[in-house]
Amino acid sequence: MRRISILGARGRWRFVLGLCNRTLTRSKMWVVGVCAMEQKARSKPMRNILDRIISKGDFEIIIFGDKVILDEEVENWPVCDFLISFFSNGFPLEKAIDYLKLRKPFCLNDLPMQEVLLDRRLVLSILDSVGVPTPRRLVTWHRDTPHLSKEVAAKLTKMGLKISQFQQDIVTCTMVDHETIQVGNETLSKPFVEKPISGEDHNIYIYYSKAQGGGVRKLFRKVRNKSSEFVPDEYQIRCDGADSYIYEEFIDVDNAEDVKVYTIGPNFAHAETRKSPVVDGIVHRNPDGKEIRYVTELSDEEREMAKRVCEAFGQTICGFDLLRANGKSFVIDVNGWSFVKGNLEYYDKTADTIREIFLNEVKRRGPFMMRKQLSVENQWKMKGFFSVMRHGDRTPKQKVKFTFKSETFLQLVRGSEEEIVLKKPEQVKTVYLAVQQAIAENIEDANVLKQLSMILDAKGELAGSKVQLRPYYSKEQTPILEKMQIIVKWGGLLTHGGHFHSQDLGSNLKTDLSIINKDLLNDVTVYSSSEMRVVATAESFCKAFLDKQELPQNLINVSKEMLDDSNAAKEQMDQVKARLQRILNPEHPEQCPPEFVMPPNTVDLAVPVQTLIDILTRMRQRMKVNLEYPYNVEWCTPETPFLFQERWEKLFRDFCDVERTQFEPSKISELYDTLKFDLLHNRTFVGLAFASPDEDLVKALYKQSKIIFDIIGPHEYGIDNAEKLLIGSRNTQFLLKQLCSDLEYCANAFGACTRLYFTKESKVYCLLNFLLLCGLKTKIVPTDVPELDYLTQITFEVYERSGPFEGKSREYSLRLALSLGAHDPNLIDLELTPDHSLTVEPRKWISDHISLQEALQMLRQ
């Protein structure tokens, strides 16, 4: 028998583990089970609440987990004293209700009553019955009677509702004219709101009258920074088909704001205003990626409404939507369990209220009536956590290339078949001396030598600078060294924002794994690329993850072979680059392949690229005028006006001064990265440098460069799926080998383990392409993958349970997840914080649970 105790940030967590078919003697603490989808149960707001619940040592937490909830019979679910359970997308509500009936824990939110939240007709009828104001409405029916259990039906009857009113046959809606609809004997004129009856369907339409200009605003669940769109020529309601709708009188709200209300028991409610999606459909977010909201006070009448909502639906923790207009308030929807994000006072109040409710229930029932023995038989646990992640936010990378054939330079690489990388100043100096010798002997191009000499002199000793020496041999039986290439690189250092969000991610992951299985923190191995920014990311992350000011010596294992760039697929990468060049060539454009998701009304990329070049040409002219005189601004990175101008002048040359036939597709990524860096770290200066009386050049460039980057960027590592798979497998072969070895070790080891692999963008793209195409059953395909930003993570979670199962003593499953990293698609309009960093997006599952053995077979192909 084995028991795992997990220390949280403020107290004690425990994930019940099934390692043997025995019964575990219960502890002196009360056990709170969290039965919800992991996306919610392991979210940051939930972790904040649970940490506070256990802060005094009298409660411990069991996270059931998706594998248990979805795949196990309720008889095998963990046993607990108190249950926190709520519906979200994919949650088996009926199964959870069966568990509640079987084990009879005290449930914080009424689980059966969450059935009614799935039908807006039931929700609005209950609000009417308890005297909560709602907008006037008409309802249609198409023999779609709501599903009501006997228990819920009895509760509704007790509220004074007649169940027969929800058993109607067919009630249709007709349009009397362009302005008016009729249901039965009642009519409603525009503007009105059309809602599907399903509480999970967020496709809500608002129809405007002719006097308002007509048209329809279509609301939907937020997609990035958009929540609605306006269709000017549409007026016809969705009355065809077999779907039922609710038609509500449109309420013109005060200050164009909605109110979101969050109850914490019947006697307390927190409320926030937000810009109504009816205004323009644009969601304003803060740097944490959260929608911008403002705390608002509720009136006495609104507080009474919150109390009635909480009690009528039996939802202690509950959210609902409120509209204010002309001194009156109306409830338009009830959402069930909802979180306030980023509000510490709310977390404190919620945890205190839940603790009080649970302890009062202990007193009511008596402590000996509640205590149960906890069975750990046949239960899944997380045995291993593996994450491949990109480095944090960095300064722009810059490089120049030179090719030479003279002996003076060839001797620098003679005897080496592989690329040589020089990072130390004394190493770089050997190249500088070779350049001076070539100048003195008047060999090679004098202008090229002068340029290389100046660059080495200015950049050679900068932090992060390096020189790559790349030999090129003939393809004869006895290869002859024909030429060599010198590549000088500088920049690419981790920024202060990069350090900040690396630490934040490390801290959050530590808390997450502590909830699930603290043993995951006992066996940690960290691998890193040799790049300075990658190692610095690993160090910042690990200090927070391991909660140490100084890291143990040799904790971070630098592996060039596994995590640095690879030339294993160089031939295929060159072919992809050449094809992208043809696609971007306006004279002889190759047809865009079907894998490209093109902008509307765009046949080829030559036109949008030319638009981009035109914008850059105007920006070049404005920078020359605007920076004629110095500006006094503060720089947060090792930057100066000269370096800023130098970076942008190089970009102008690369885009505006080259023949389109010679245009390099990789410059798209370089431009986009540079602009994002300046928007995060130099927003004031970039605005001054490119200020124009006629247009917002920076915004125009951001939008145009992002359009092209979203098409070109992901395809630099393969255009069609066959290329993506081949390049992905070759460029990640050593990483895949290590991953398979570590996954196998995890299954065979006695304890749990964590493995972290810090690397670069190219490696992350290649690995993801391979995982999506190697035969694993995933939920997405390569064309679904958007930009992979700083601190992108691909994670592998291994789960274990004890047998016997089909002759095996233990069973293992694997689940994959993806985080897009520190990303915001609307960076240009984002309000920045002093740390100049973006919050890392949460991980989302890209696969269901897969047999670990089957997954290993696929990964080893």
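We count residues from 1, following the sequence as given.
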Over 60° means perpendicular and under 30° means parallel, so tell me whether [X] and [Y] are parallel, tilted or perpendicular.
| X | Y | result |
| --- | --- | --- |
| Phe339 | Trp337 | perpendicular |
| Trp77 | Tyr99 | tilted |
| Tyr717 | Tyr765 | parallel |
| Phe59 | Phe82 | perpendicular |

Could you tell me if [Y] and [X] have a donor-acceptor pair between their side chains, going purely by distance under 3.5 Å?
| X | Y | result |
| --- | --- | --- |
| Tyr799 | Glu811 | no |
| Thr537 | His391 | no |
| Glu744 | Asn748 | no |
| Asp565 | Ser762 | yes |
| Lys489 | Gln468 | yes |
| Glu716 | Ser666 | no |
| Asp673 | Tyr790 | no |

Answer yes or no: is there an ion pair linking [X] with [Y], defined by an N-O contact shorter than 4.0 Å?
| X | Y | result |
| --- | --- | --- |
| Glu72 | Arg801 | yes |
| Glu531 | Lys423 | no |
| Asp848 | Lys779 | yes |
| Arg755 | Glu797 | no |
| Arg47 | Asp51 | no |

Can you tell if the side chain of Asp66 reaches within under 4.5 Å of the side chain of Trp845, non-hydrogen atoms only?
->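 A side-chain contact exists here, since the closest heavy-atom pair is under 4.5 Å.
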
